[in-house]
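Worksheet: one structure, shown below.
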Amino acid sequence: MNPRQRLLKTADFDRALRSGRRAGSAYLALFVSDNEFGRPRVGFAVSRKLGNAVVRNRIKRRLRELVRPLAQSTEAGRDVVIVARPSAIEAEYARLRDDLSALWSQSVTRRTP
RNA sequence: CGAGUCCGCCAGGCAGCCGCGGCAGGAGCGCACCUGUCGAGGAAAGUCCGAGCUCCGCAGAGCAGGGUGCCGGGUAACACCCGGUCGGGGUAACCCGAAGGAGAGUGCCACAGAAAAGACACAGCCGGUGGCAACACCGGCGAAGGUGAAAUGGUGGUGGUAAGAGCCCACCAGCGGCCGGGAGACCGGCCGGCUAGGUAAACCCCACUCGGAGCAAGACCUAAUAGGAGGACGAAUCGGCUGGCUCGGCCGGUCCUCGGGUACGGUCGCUUGAGUCGUCGGGCAACCGGCGAACCAGACGGAUGGCUGCCCCUCCGGUGCGUGCCGGCUUCGGCCGGCGAGGCGGAGGACAGAACUCGGCUUAUCGGCGGACUCGCUCU
RNA sequence: GGCGAGUUAGCCAAGUGGUAAGGCAGAGGUCUGCAAAACCUCCACCGCGGGUUCGAAUCCCGCACUCGCCU
């Protein structure tokens, strides 16, 4: 994922987490807010409580692979923070994929009211 | 064959599809595209030591405080490593040890016990005097006294005595002296007088050693307002700053010169190094030296991967199939039971992710490979 | 990434070498017609593992966990 698609600043994270729309499942929680770039930006939040560095990195790498096709096919300007929940550690890849695309279409692709 | 010890090494492999970061080159540029190339570990971990590097009044003296602690060597340095000494454990290979000083001082040693360090008292033994006796007084005696973790060296003695005792003798431990060996820790022998509780991971003494912080150190660049830096001269007092404190040091005032602190910003620091590999030589070894070769991660919401298939290793399950061995039955066609391997299905393949860089230590870890050695059993 | 502090009963905690105070909560009992209050009793592998010591919550070493500070 190239830097244009990533969410970088702490302020952007805070904006999405505080004022954004939310969608959740057993594995993940998404926080979405609007941006002015006309393309989505994605950031990940994986708590230290989920495991050591190896576990956390594996979660982020799998989520990054899953979110890449979704982000490339989305035209809307959205900042998305994906928070991993504890059950995501042992989740099967196909289940995680279905779960994320469902949450994505719920919260990101939907028009702003 | 079984059990075990030490040393070294590895950390699943291959393929397909889709991706990421650095560097170099390319068509039109720092973002986007293409090509090439490189891209986690033995512990990258914990941050427990030691260094490099950077800044801080340039680290100077004293006090306080910390660290280390058998000897010799290695090293940039170390609390690490190697070789040895002593002590402990193991049948052995081998392993473990914060291993200076309690004959400088202070403190503490609960309970129990006569007594816990001071030498006696208490209890007791022996002799004498008094008394019918219980006992009292005087003198001698030692470590013996149901304790305790520890009791005035220990054990033994038809030695010795009024009773006893290193009082005497033998051996062992300890101390001192002399001789011999060793670079030293220390070891061996002889002689002597008979002897000094433990605790220093309690304070402490001795020897050596340590300034403080840390790459979020620190340097530079771009905007406005407030303001700074360097040099010279002068500093009596006072005030302020500064590793914990003191001294010392620095700042304050005047003049001259220069020019912009600070961002959730950018660039540098940032990876060529006490490094790696090969080879030769020195050394028991740790390690050192010579020669040669290659350049081998540098991210910054943080890359080094995701998914699928096959193979490999381990474990489990099941008996439809072919097949091997053993036992039993047989009308010699086979049948029944058990075991092993293959094919089949399933599960598992560790601990763990660079963040300034090295040298160590410690901790985590499914397993596999190679070498040297010890003990037991068996065979030749 | 770096630096620092702390773990004692369910909760708050004292203790700094010699049987681990106290308060709240909980359980049982006395009292009462029943309760409350009061009184009595009970409730601790001192985070874990080693070591020093006769003896460790305390001293030393190693781990684990929790909480802070620095951009």
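Residue numbering restarts at 1 for every chain, and letters A, B, ... go by the order of the sequence lines. Only a predicted model underlies this, so the values are computations on that prediction, with no experimental measurement involved.
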Among B:rG302, B:rG306, B:rA354, the nucleotide that comes nearest once only the side chain of A:Ala53 is considered: B:rA354
Minimum side-chain heavy-atom gap A:Val81-A:Phe44 below 4.5 Å: no
Nucleotide of B:rA352, B:rG306, B:rG19 approaching A:Arg68 most closely (side-chain heavy atoms): B:rG19
Partner nucleotide of B:rC175 by Watson-Crick or wobble geometry (both distances under 3.5 Å): B:rG192
Identified pairing partner of B:rC375, criterion: Watson-Crick or G-U wobble below 3.5 Å: B:rG2
Length of the line joining A:Phe44:CZ and B:rG306:C1', which is rounded to integer Å: 12 Å
Heavy-atom side-chain proximity of A:Arg97 to A:Glu65 below 4.5 angstrom: no
Nucleotide nearest A:Arg64 (side chain, heavy atoms from C-beta), chosen from B:rG301, B:rG306, B:rG302: B:rG302
Identity of whatever pairs with C:rG62 - Watson-Crick or G-U, under 3.5 angstrom: C:rC48
Whole-angstrom distance between C:rG62 and B:rA201, as gauged at atom C1': 14 Å
Paired nucleotide for B:rC310 [Watson-Crick or G-U wobble; both distances under 3.5 Å]: B:rG13
Whole-angstrom distance between B:rA207 and B:rA104, as gauged at atom P: 15 Å
Residues forming a side chain to side chain contact (heavy atoms under 4.5 Å, CB included) with A:Arg85, sequence neighbours excluded: A:Ala29
Sugar-phosphate only, base, or nothing, as touched by A:Asn52 at under 4.0 Å among non-hydrogen atoms: sugar-phosphate
Separation of atom CD1 in A:Ile59 from atom P in B:rG353, rounded to whole Å: 13 Å
Any-strand Watson-Crick or G-U partner of B:rA293, both distances under 3.5 Å: B:rU276
Contacts of type side-chain hydrogen bond (donor to acceptor under 3.5 Å, both in side chains), residue A:Ser33, not counting sequence neighbours: none
Nucleotide forming a Watson-Crick or wobble pair with C:rC54, both distances under 3.5 Å: C:rG18
For nucleotides 307-309 of chain B, which of its nitrogen or oxygen atoms have a protein nitrogen or oxygen under 3.5 Å away, and what is each distance?
| from | atom 1 | to | atom 2 | distance (Å) |
| --- | --- | --- | --- | --- |
| B:rC307 | OP1 | A:Arg62 | NE | 3.3 |
| B:rC307 | OP1 | A:Arg62 | NH2 | 3.3 |

First encountered from the 5' end of RNA chain B, between A:Lys60 and A:Asn57: A:Lys60
A:Val42 and A:Ile82, any side-chain heavy atoms less than 4.5 Å apart: yes
Any side-chain heavy-atom pair of A:Arg21 and A:Asp34 under 4.5 Å: yes
First of A:Arg58 and A:Val46 reached from the 5' end of RNA chain B, by closest nucleotide: A:Val46
Residue pair A:Asp79 / A:Val32, side-chain heavy-atom distance below 4.5 Å: no
